[in-house]
Undergrad: 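My questions all concern the structure below.
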Amino acid sequence: MAEDSELRDVICDGPFVPTKNLGDPAVAIPKTRKEFNEADIKAIEKNFRAKKFLVCGIGLDEYNRISSCQSTKEIWEALQTAHEETTQVKQSKIDMLTTAYELFRMKGDESIQDMHTRFTSIINELHSLGESIPRNKLVRKILSVLPSS
């Protein structure tokens, strides 16, 4: 669990770069590979594990989007930019999905299973955008759109 937290820190804050202090006043400069101690090596390995974690969890299209990124922080920011729309776009999507929910009807040639799948898709998208509809309202909506037969 602690490692998960440390990997998240590497992803959000950027990679660990081992430094040493030189001069007066002291100035931090990067260490050479020969100057790394055991703690530096372990921290650098976390950088690689975090990058592997992100890269192995995405598809080819996403990989192409982040392949030029050097650090886990760059990868994370590129993925966030691609998937977290602006507030205005998010609100527009919520409005569109809310309208789809309100106007939802079962199609004449549609099975109950297909109708439920379509309904669940709308609800899941709303939920992923932070909008939730109480379960009792969902049940009432489904019951109201079912044909009398």
Side-chain angles (χ1 to χ4, degrees), residues 1-19 28-33 35-149:
M1 202 62 133
E3 183 179 17
D4 293 342
S5 175
E6 291 170 357
L7 291 179
R8 185 180 189 288
D9 290 343
V10 169
I11 290 168
C12 293
D13 301 335
F16 171 77
V17 178
T19 59
I29 62 167
K31 289 181 180 178
T32 64
R33 192 175 292 267
E35 297 173 310
F36 290 172
N37 59 32
E38 193 171 321
D40 293 337
I41 292 169
K42 285 184 180 184
I44 290 170
E45 286 173 354
K46 283 186 180 116
N47 293 343
F48 289 116
R49 275 198 301 278
K51 191 170 185 177
K52 180 180 167 186
F53 179 77
L54 287 175
V55 171
C56 289
I58 61 175
L60 183 59
D61 291 339
E62 297 296 331
Y63 181 78
N64 290 333
R65 182 176 288 140
I66 58 101
S67 61
S68 64
C69 297
Q70 296 299 313
S71 71
T72 54
K73 184 174 176 130
E74 285 181 61
I75 293 170
W76 184 247
E77 288 171 353
L79 292 172
Q80 279 184 312
T81 301
H83 293 284
E84 288 186 3
E85 297 96 17
T86 64
T87 308
Q88 188 176 14
V89 171
K90 182 178 176 181
Q91 190 57 51
S92 294
K93 279 187 173 182
I94 290 170
D95 292 344
M96 181 187 72
L97 290 165
T98 301
T99 300
Y101 167 78
E102 290 168 353
L103 299 175
F104 187 82
R105 298 286 176 261
M106 184 172 179
K107 297 176 183 174
D109 61 340
E110 189 173 40
S111 71
I112 291 176
Q113 182 64 40
D114 291 342
M115 183 260 323
H116 185 266
T117 300
R118 206 166 42 89
F119 184 76
T120 303
S121 177
I122 293 169
I123 300 309
N124 287 345
E125 284 187 60
L126 277 168
H127 185 72
S128 73
L129 293 168
E131 292 291 310
S132 60
I133 300 171
R135 191 164 198 70
N136 61 342
K137 277 189 166 185
L138 297 175
V139 171
R140 275 187 271 154
K141 181 66 174 178
I142 286 284
L143 291 175
S144 72
V145 301
L146 288 173
S148 57
S149 60

Undergrad: Does the side chain of P18 come within less than 4.5 Å of E35's, by heavy atoms?
TA: no
Undergrad: To the nearest 0.5 Å, tell me how far L146 CG sits from H116 NE2.
TA: 10.0 Å
Undergrad: If I take atom NZ from residue K141 and atom CD from residue E102, how far apart are they, to the nearest 0.5 angstrom?
TA: 7.5 Å
Undergrad: Measure across A50 and L7 and return the closest heavy-atom pair with its distance rounded to 0.1 Å.
TA: N-CD2, 3.8 Å
Undergrad: Flag the pair K73 / D13 as yes when at least one side-chain heavy-atom distance between them is below 4.5 Å, and no otherwise.
TA: no
Undergrad: Output the distance between atom CE (M106) and atom OG (S144), rounded to the nearest 0.5 Å.
TA: 12.5 Å
Undergrad: Measure across K51 and Q70 and return the closest heavy-atom pair with its distance rounded to 0.1 Å.
TA: NZ-O, 3.0 Å
Undergrad: So, do E6 and V10 sit near enough that their side-chain heavy atoms are less than 4.5 Å apart?
TA: no
Undergrad: Check whether any side-chain heavy atom of D40 sits under 4.5 Å from a side-chain heavy atom of N37, and report yes or no.
TA: yes
Undergrad: Taking side chain as C-beta onward, heavy atoms only, is F104 less than 4.5 Å from M115?
TA: yes
Undergrad: Nearest 0.5 angstrom please: K52 NZ to T72 OG1, how far?
TA: 15.0 Å
Undergrad: Ignoring hydrogens and angles, write down the donor-acceptor pairs under 3.5 Å from the side chains of residues 53-65, residues two or more places apart or on other chains.
TA:
unit_1: E62; atom_1: OE1; unit_2: R65; atom_2: NH1; d: 2.9
unit_1: E62; atom_1: OE1; unit_2: H83; atom_2: NE2; d: 3.2
unit_1: E62; atom_1: OE2; unit_2: R65; atom_2: NH1; d: 3.1
unit_1: E62; atom_1: OE2; unit_2: H83; atom_2: NE2; d: 3.0
unit_1: N64; atom_1: ND2; unit_2: L60; atom_2: O; d: 3.4

Undergrad: Hey, what do you get for CZ (R140) to CG (N136), rounding to the nearest 0.5 Å?
TA: 4.5 Å
Undergrad: Measure from the side-chain N and O atoms of S121 to the backbone N and O of T117, and report whether any donor-acceptor pair falls under 3.5 Å.
TA: no
Undergrad: Just do the side-chain contact (heavy atoms from CB on, under 4.5 Å) check on E74 and I66 with the steps written out, would you?
TA: CA-CA 8 Å; E74 285 181 61; I66 58 101; over 6 Å; no
Undergrad: Where is the tightest heavy-atom contact between N47 and P15, given as atom of each residue plus distance?
TA: OD1-CA, 3.4 Å
Undergrad: Is there a side-chain contact between Y101 and L138, using heavy atoms and a 4.5 Å cut-off?
TA: yes
Undergrad: Which distance, rounded to the nearest 0.5 Å, do you find between the OG of S128 and the CD1 of I123?
TA: 11.0 Å
Undergrad: Is L126 close to T98 at the side-chain level, that is, under 4.5 Å between some pair of heavy atoms?
TA: yes
Undergrad: Has K31 got more than 12 heavy atoms of other residues, nucleotides or ligands less than 6.0 Å from its NZ?
TA: yes
Undergrad: Locate the shortest heavy-atom distance separating S132 from H127; write the atom from each residue and the value.
TA: CB-ND1, 4.2 Å
